[in-house]
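Written below as structure tokens is the structure these notes are about.
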Amino acid sequence: MSSRFSRMSNPRVLTTLALLFAVGSCQEATVSSPTGQDPATFAAKLVSITSTSLTGPANRSLAPMVLRVVDAGGSPVTGVTVRFEVRTGGGYVFPASVASGTDGTVSTTWTLGTAVGAQSVMALLSTKDSVRVSANATSGPANRLRWIRGGAAGTQLQRDTTGATTVDTLEVQLYDSLAGQIVGVAGVPVTWATAAPLAVDGQPVNSTSVTDANGKARTVWMFRDNDGLAIPPSSIAKRMVATVASVGQVEFQARVYPGKASILTIGFANPGLTIGATTNVTATVNDANGFPIAGAVVAFSVGTGYLGSPGVQTASATTTTDGVATVTWVLGLAAGLQTVTATSTVAATPYAVTSTVAASKTVTPAPPTLTIVAGSGQTVTAGLAVPVSPKVKVTDGAGNGLSGIPVDFVVLTGGGSVSAAQAVSDASGFASVTWTLGSNAGSNTLSASSSGGTPVTFTATGAPPEMDKVAGDAVTAAAGSIVAVQVRVKDSNGVALAGRSVTFAVAAGGGSVSSATVTTDVNGLASVNWTLGAVAGPNSLTATVSGRTVTFTATGT
């Protein structure tokens with residue numbers, strides 16, 4: 001008995017019993033608070049499960065700290081928040097606030113500060129109870145952050161279409177290099193952020209992730225902003241940065257491409273088109289998000305007029321960086337509807353499937369506008385060409401000269417003629433003809449019109465020619481005798497006019513002329529023989545050309 005008692009009194013035995021009792025007390029049922037009351041009211045204190053005196057390399061995460069929340073009787077309490085605060089040495093704890101589980105425990109990871117020496121963390125209950133955990137930070141390998149994946153062929157370059165979520169996961173690893181081996185550092189927060197605003201560079205699916213047991217953290221890059229709108233494509237790389245505080249950063253880059261071609265629109269450079277006008281036709285190729293697609297070949301076709309060169313009705317152009325392809329269309333000369341069509345097939349890429357888009361645009365061009373430039377309101381000797389040729393300018397609705405437009409010239413009044421019934425406008429839009437007035441003095445008019453447009457009218461006045469008496473005036477001769485009469489017809493500048501009809505008529509005294517009408521020769525001369533009346537006395541003879549009359553007199557003896 002005494003030996004049995006002595007064994008029971010042995011300190012080693014007593015210690016073993018105490019430990020068994022402690023283990024048994026830890027297996028008590030979890031305490032929950034009454035309904036509607038804060039569990040912290042029943043939490044009496046914190047009990048540290050792991051050591052409160054630690055040692056580890058500076059700037060490295062330690063093994064997780066574990067504590068238990070218990071009530072006054074030592075039973076675990078669930079749902080109580082424990083806060084962790086770094087008091088000395090820097091570093092950080094993550095998570096910094098933890099609610100106790102069903103067994104009353106809380107767990108967090110402490111990453112030591114960069115300084116070697118004493119550091120400490122406080123675990124705090126709302127009941128003011130706390131546990132202080134201290135650590136001796138030793139010099140050791142610094143944590144490092146490295147790229148693991150997120151891009152093709154070991155690069156950090158992502159590629160996808162605007163609005164997409166990248167297929168590749170972005171992944172980094174936080175590690176220490178111990179004894180020549182890579183050792184992942186777990187439980188450390190990694191922040192993810194784009195370098196530019198969300199509307200430009202997009203955003204990560206999760207802005208913060210925690211390194212796993214291998215020290216790895218991940219996210220996925222979305223090429224959309226907070227409102228779900230696609231970000232614009234760009235040849236300049238987008239940037240995403242993974243950061244671990246006090247350790248470093250890893251940068252990822254992305255190229256964002258347009259999606260498949262979904263939209264094609266056609267536009268005209270000139271707002272008001274007229275027949276025969278020249279306009280740039282643009283075709284804009286966009287993806288479903290409205291972003292331009294560069295390098296797309298667009299085929300254009302027209303049924304009237306031509307593209308670029310006469311006779312060419314199909315042409316192609318390649319879109320520029322703004323998604324626009326351009327050709328030049330010279331509209332047809334006929335009135336009525338005219339149509340241009342554009343089609344583009346964009347080949348498949350690793351990021352978008354093959355797609356074809358097409359559009360057409362119609363226009364009913366207005367007739368061109370004719371404006372008199374020169375040649376109206378002139379006065380010239382009847383039967384002569386006006387010194388300034390009638391000239392019009394053919395323009396479109398914006399006042400631009402139109403080339404190649406037929407203009408019809410028609411003499412309306414006064415007789416006369418034009419050098420051509422139709423003239424075609426030149427490169428500046430000008431068209432002109434030579435206008436010869438009618439042989440009779442008086443008003444002359446000439447019309448110019450084109451393609452159903454409003455005609456314009458030129459006016460001119462034909463003046464009578466000048467006429468001089470050369471011979472046979474104021475003579476005295478025997479009654480019944482013959483007098484030679486001659487006139488010269490000329491213009492206002494004294495230039496002889498050939499081919500003019502001069503009418504001779506006896507005005508008084510009787511008698512006769514050898515010819516009632518004589519045409520002037522190359523010198524402008526017209527001559528007749530005037531036979532005086534048989535009775536002695538005064539005689540007179542008139543010569544008339546284009547409204548101009550002169551009178552010859554003679555005395556018969």
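Everything numeric here is computed off the predicted structure, so don't read it as measured data. All values below come from the heavy atoms of this structure, side chains included, with hydrogens, waters and symmetry mates left out. Residue numbers start at 1 and run along the sequence shown.
Expressed to the nearest 0.5 Å, how far CG of L46 lies from CG of L67 amounts to 6.0 Å. In this structure, I49 CD1 and R68 CZ are separated by 4.0 Å, a value rounded to the nearest 0.5 Å. Atom-to-atom distance recorded for N136:CG and S53:OG is 8.0 Å, nearest 0.5 angstrom. In this structure, T356 OG1 and K260 NZ are separated by 10.0 Å, a value rounded to the nearest 0.5 Å. For the atom pair CZ of R83 and CE of M122, the computed distance is 10.0 Å after rounding to the nearest 0.5 Å. To the nearest 0.5 Å, the span separating CD1 on I263 from CZ on F291 amounts to 10.5 Å.
Between Y257 and D287, every side-chain heavy-atom pair lies at or beyond the 4.5 Å cut-off. Counting heavy atoms from C-beta outward, V69 and V82 have side chains that approach closer than 4.5 Å. Using a 4.5 Å heavy-atom threshold, the side chains of V281 and F300 count as touching. Residues T81 and V98 have side chains not in contact (no heavy-atom distance under 4.5 Å, counting atoms from C-beta outward). Taking 4.5 Å as the limit, every side-chain heavy atom of F430 sits out of range of all side-chain heavy atoms of V394. P232 has its side chain out of reach of V200: every pair of non-hydrogen atoms, C-beta onward, lies at least 4.5 Å apart. Under the 4.5 Å side-chain criterion, counting only non-hydrogen atoms from C-beta, P204 is not in contact with M222.
A distance-only check finds no donor-acceptor pair linking the side chain of D225 to the backbone of A199 [under 3.5 Å]. For N214 (side chain) and G184 (main-chain N/O), no donor-acceptor pair under 3.5 Å exists by modelled atom type. With hydrogens and angles ignored, the 3.5 Å screen pairs a side-chain donor or acceptor of S355 with a backbone N or O of A261. Between the side chain of T211 and the backbone N or O of V188 there is at least one donor-acceptor pair closer than 3.5 Å. No donor-acceptor pair under 3.5 Å is formed between the side chain of S403 and the backbone N or O of S425. A distance-only check finds no donor-acceptor pair linking the side chain of Q203 to the backbone of F223 [under 3.5 Å]. Side-chain atoms of T284 never come within 3.5 Å of backbone atoms of G323 as a donor-acceptor pair (strictly under, hydrogens ignored).
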Without placing hydrogens or testing angles, list every side-chain donor-acceptor pair under 3.5 Å for residues 189-197, not counting sequence neighbours.
from : atom 1 : to   : atom 2 : distance (Å)
T191 : OG1    : T243 : O      : 3.4
W192 : NE1    : S209 : OG     : 2.8
T194 : OG1    : A196 : O      : 3.0
T194 : OG1    : G202 : O      : 3.3

For a quick test of your reading: what N or O donor-acceptor pairs under 3.5 Å do the side chains of residues 312-321 make, sequence neighbours left out?
from : atom 1 : to   : atom 2 : distance (Å)
Q313 : NE2    : G303 : O      : 3.1
Q313 : NE2    : G305 : O      : 3.3
T319 : OG1    : I293 : O      : 2.8
T319 : OG1    : G295 : N      : 2.9
T319 : OG1    : A296 : N      : 2.8
T319 : OG1    : A296 : O      : 3.4
T320 : OG1    : D322 : OD1    : 2.2
T320 : OG1    : V324 : O      : 3.3

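Within the structure, salt bridge (Lys or Arg N to Asp or Glu O under 4.0 Å) pairs that include any residue of residues 108-117 do not occur (at least two apart or interchain). Each side-chain hydrogen bond (donor to acceptor under 3.5 Å, both in side chains) pair with one or both residues in residues 91-100, not counting sequence neighbours, would appear here, but there are none. Under the side-chain hydrogen bond (donor to acceptor under 3.5 Å, both in side chains) criterion, the residue pairs touching residues 323-344 are N280-T328, T304-Q338, with sequence neighbours excluded. Applying the salt bridge (Lys or Arg N to Asp or Glu O under 4.0 Å) test to residues at least two apart or on different chains, none of the pairs has a partner in residues 292-306. Pairs of residues two or more places apart, or lying in two chains, that qualify as salt bridge (Lys or Arg N to Asp or Glu O under 4.0 Å) and include a residue from residues 189-215 are D212-R218. Applying the salt bridge (Lys or Arg N to Asp or Glu O under 4.0 Å) rule to pairs touching residues 229-248 yields R239-E251, sequence neighbours excluded.
Nearest heavy atoms, L145 versus V247: N-CG1, 3.9 Å. Minimum interatomic distance between L370 and V392 (heavy atoms only, all atoms of both residues): CD2-CG2, 4.4 Å. Heavy-atom minimum distance, L331 versus T274: CD2-O, 3.9 Å. Here the closest non-hydrogen pair linking G187 and T109 is O-CB, 4.1 Å. The two atoms that bring L273 and V363 nearest to each other are CD1-CG2, 3.9 Å, heavy atoms only. Heavy atoms only, all atoms of each residue included: S451 and P367 are closest at O-CB, 3.6 Å.
Applying the side-chain hydrogen bond (donor to acceptor under 3.5 Å, both in side chains) rule to N400 yields the partners D396; only residues at least two apart in sequence or on another chain are considered. Residues passing the side-chain hydrogen bond (donor to acceptor under 3.5 Å, both in side chains) test with T219, sequence neighbours excluded: N206. Taking the side-chain hydrogen bond (donor to acceptor under 3.5 Å, both in side chains) definition, one finds that S48 meets it with nothing, sequence neighbours left out. Taking the salt bridge (charged side-chain N to carboxylate O under 4.0 Å, His left out) definition, one finds that R87 meets it with E85, sequence neighbours left out.
Using modelled atom types and a 3.5 Å distance limit, the side chains of T52 and R132 yield no donor-acceptor pair.
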Next item on the list: Could you walk me through whether W110 and V121 pass the side chain to side chain contact (heavy atoms under 4.5 Å, CB included) test, one step at a time?
Entry: CA-CA 8 Å; W110 180 14; V121 165; 3.1 Å; yes
Note to self: Determine whether I266 and V340 satisfy the following criterion, side chain to side chain contact (heavy atoms under 4.5 Å, CB included), listing intermediate values before the conclusion.
What the structure shows: CA-CA 9 Å; I266 297 178; V340 59; 4.3 Å; yes
Notebook entry, point to check: How far apart are the C-alpha atoms of V220 and L170, what are their side-chain angles, what is the distance that settles it, and do they pass the side chain to side chain contact (heavy atoms under 4.5 Å, CB included) test?
Noted result: CA-CA 6 Å; V220 176; L170 311 186; over 6 Å; no
Next item on the list: For W221 and V205, run side chain to side chain contact (heavy atoms under 4.5 Å, CB included): C-alpha distance rounded to whole Å, both residues' side-chain angles, the deciding distance at 0.1 Å, then the answer.
Entry: CA-CA 6 Å; W221 200 339; V205 170; over 6 Å; no
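For the side-chain hydrogen bond (donor to acceptor under 3.5 Å, both in side chains) with Q173, the lone residue among R149, K216, R146 that qualifies is R146.
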